[in-house]
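Have a look at the structure below, then the notes.
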Number of protein chains: 2
Amino acid sequence: MSAMPPPLPSTADGPGLSQAPAFSPLYQQIKGLILHSLQHGEWKPGEAIPSEIELAGRFRVSQGTVRKAIDELAGENLLLRRQGKGTFVATHAERQVQYRFLKLVPDSGDVRGEARAQRTILECRRLRASADVARALALRTGDPVLQARRVLSFSGVPTILEDIWLPGHTFKGLSAEQMAGYQGPTYAMFEMDFGVRMVRADEKLRAVLPDEQQAHWLAITTSTPVLSVERLAYTYNDVPMELRRGLYRTDTHHYHNQLS
Amino acid sequence: MSAMPPPLPSTADGPGLSQAPAFSPLYQQIKGLILHSLQHGEWKPGEAIPSEIELAGRFRVSQGTVRKAIDELAGENLLLRRQGKGTFVATHAERQVQYRFLKLVPDSGDVRGEARAQRTILECRRLRASADVARALALRTGDPVLQARRVLSFSGVPTILEDIWLPGHTFKGLSAEQMAGYQGPTYAMFEMDFGVRMVRADEKLRAVLPDEQQAHWLAITTSTPVLSVERLAYTYNDVPMELRRGLYRTDTHHYHNQLS
DNA sequence: GAGTGGTCTAGACCACGCG
DNA sequence: GCGTGGTCTAGACCACTCA
């Protein structure tokens, strides 16, 4: 006999969901439901989601349970809590967390807001996925993909040369003008124009020598080592959505990583 | 009139602590107290700390408040929770999180437990801090420091060459035998023998060419680019405790980084 | 079965932002 | 002054570990 009636004892489901396996705490199920709404664009990047109390009512759970679900989503940078205002869908357009995935910083001074990058689009075309690109993006070889090549310069110095591959299906209609013209992070443009939000990414780093062409675009010699950065970026649910292969000059910048 | 008497209204202090500035939640103060005990070795790495209920009693707060403090410390990898068993002081000797700070992984297969590193100590001596080393370790130029140089090999292939600088005062008596003989992570040895636990670190990465000597130890040519990794590791309270300058071969391995 | 961490609830109050 | 998130409490029950 329980003095406090738990509306959803153990693995039961009020909101309309069921699990088979081990045991899923209520707040995890709530988290899943919120995640589902995020994926399906019920609330757009930058917008506020309903208040904790309202969500608690909707899901028939206590505010504390909703809170724990939101806490985790905020910890994963999917939501952003602002005391006194509400909880918001995170976006790459935020002033504070702009270029969250770019770990290259100038050797002197850490002020990233200072010298903003200038973009030069060298190429932007649609083609068929090669075997390795297809594998990375979970496509089939020959599927349509978009490829862009660009140079990022800081204070007029070309510093990053990168190739970007995107699934052609999702990014239908992306143009060089769009890549060049948008003010702010490219990932913010992806959110605005294609409803695709990059949530996390894996990077593989290597030291390499550039070939003739690469050296040319970076205004260095072929005997200047550069940092090769291969990034695979994911949207919700661990779906890979972008492959990037970049070369970073590290004579005036360095790649900064925080371990904990 | 409050129906529930909060023993420490707002910024008051039960456990014996006071703040001047803005406003410090109770659980933050509790966190500080636990942190203090960790720093002063009240509980050693690997040991269990008192149960939540016991700590709640000691600090005269509710279990929930202690829980939130511990949650944050666990999130920072200072504590490790194990359901049914207790909460433990984190250590670099844990099987699962061994080499947590080493981000170099073999290109094929991610099984880090497989091919364990073989250490070769090339050098281990005491000397006086140069200006840059002193600045990094928050010492004064000329202060005693320990310096070690070693090669890490995987499957017999020399892959990492690194120099390590440590404050001579704290690591008095560290010998080459100790560096070479210890089984397991070097950071675990630091915990055991010197009571120093590395808690977080910053790394700066660059692509460089090795000089003659470096190339020799890594069994490569001077025209093979390598990854330069400068690491500054901190113990509790953001006190810098170790400077490492490593060169990583990236022909068979890569530096893996997870962004989120 | 005792003890530990993990979940869930309900309710009170606080800090913050904004009209 | 209201609404939002943030803190704190007290208590019940669940899941896990180990003797």
Measure CZ/A:Phe88 against C1'/D:dG3 and give the value in whole Å, please. 12 Å
Rounded to whole angstroms, how far apart are CD1 on A:Ile70 and P on D:dG5? 7 Å
For atom CD1 of B:Ile53 and atom P of C:dA2, their distance in whole Å: 14 Å
Take a 6.0 Å sphere around CD of B:Gln258 and say whether it holds more than 12 heavy atoms from other residues, nucleotides or ligands. yes
Can you tell which of D:dC8, C:dC8, C:dG5 lies closest to the side chain of B:Arg67? C:dG5
Among D:dG6, D:dT9, C:dT4, the nucleotide that comes nearest once only the side chain of A:Glu52 is considered: D:dG6
Interface polar pairs with nucleotides 16-19 of chain C, N/O, under 3.5 angstrom:
{"from": "C:dC16", "atom 1": "O4'", "to": "A:Gln83", "atom 2": "OE1", "distance (Å)": "3.2"}
{"from": "C:dC18", "atom 1": "OP1", "to": "A:Lys85", "atom 2": "NZ", "distance (Å)": "3.1"}

Can a donor-acceptor pair be found between the side chains of A:Arg150 and A:Thr186 at a distance below 3.5 Å? yes
Listed nucleotide nearest any side-chain atom of A:Pro25, set C:dC8, D:dT7, D:dG5: C:dC8
d(CG, B:Leu79; P, C:dG6) in whole Å: 11 Å
Do NZ/NE/NH1/NH2 and the carboxylate oxygens of B:Glu162 and B:Arg244 come within less than 4.0 Å? yes
Send over the distance from B:Gln63 CD to C:dG3 C1', rounded to a whole Å. 12 Å
Angle between ring planes, B:His92 versus B:Phe101, binned at 30° and 60°: parallel, tilted or perpendicular? perpendicular
Once the angle between the rings of B:Phe190 and B:Tyr187 is folded into 0 to 90°, is it parallel (under 30°), tilted (30 to 60°) or perpendicular (over 60°)? tilted
Starting at CG of B:Asp71 and ending at P of D:dT7, how long is that distance when rounded to a whole Å? 12 Å
Measure the distance from OH on A:Tyr27 to P on C:dT9 and round it to the nearest whole Å. 13 Å
Which of the following nucleotides, D:dG6, D:dT9, C:dC8, is nearest to the side chain of B:Ser62? D:dT9
Can you tell me if the side-chain N/O atoms of A:Arg82 get under 4.0 Å from OP1 or OP2 in D:dG5? no
Using every non-hydrogen atom in the two residues, find where A:Tyr99 and A:Gly184 come nearest and quote the distance to one decimal. OH-C, 3.8 Å
Please examine the side chains of B:Pro106 and B:Phe154, heavy atoms only from C-beta on, and report whether any two atoms are closer than 4.5 Å. no
Whole angstroms only, please: what is the CD-P distance between A:Gln29 and C:dG6? 19 Å
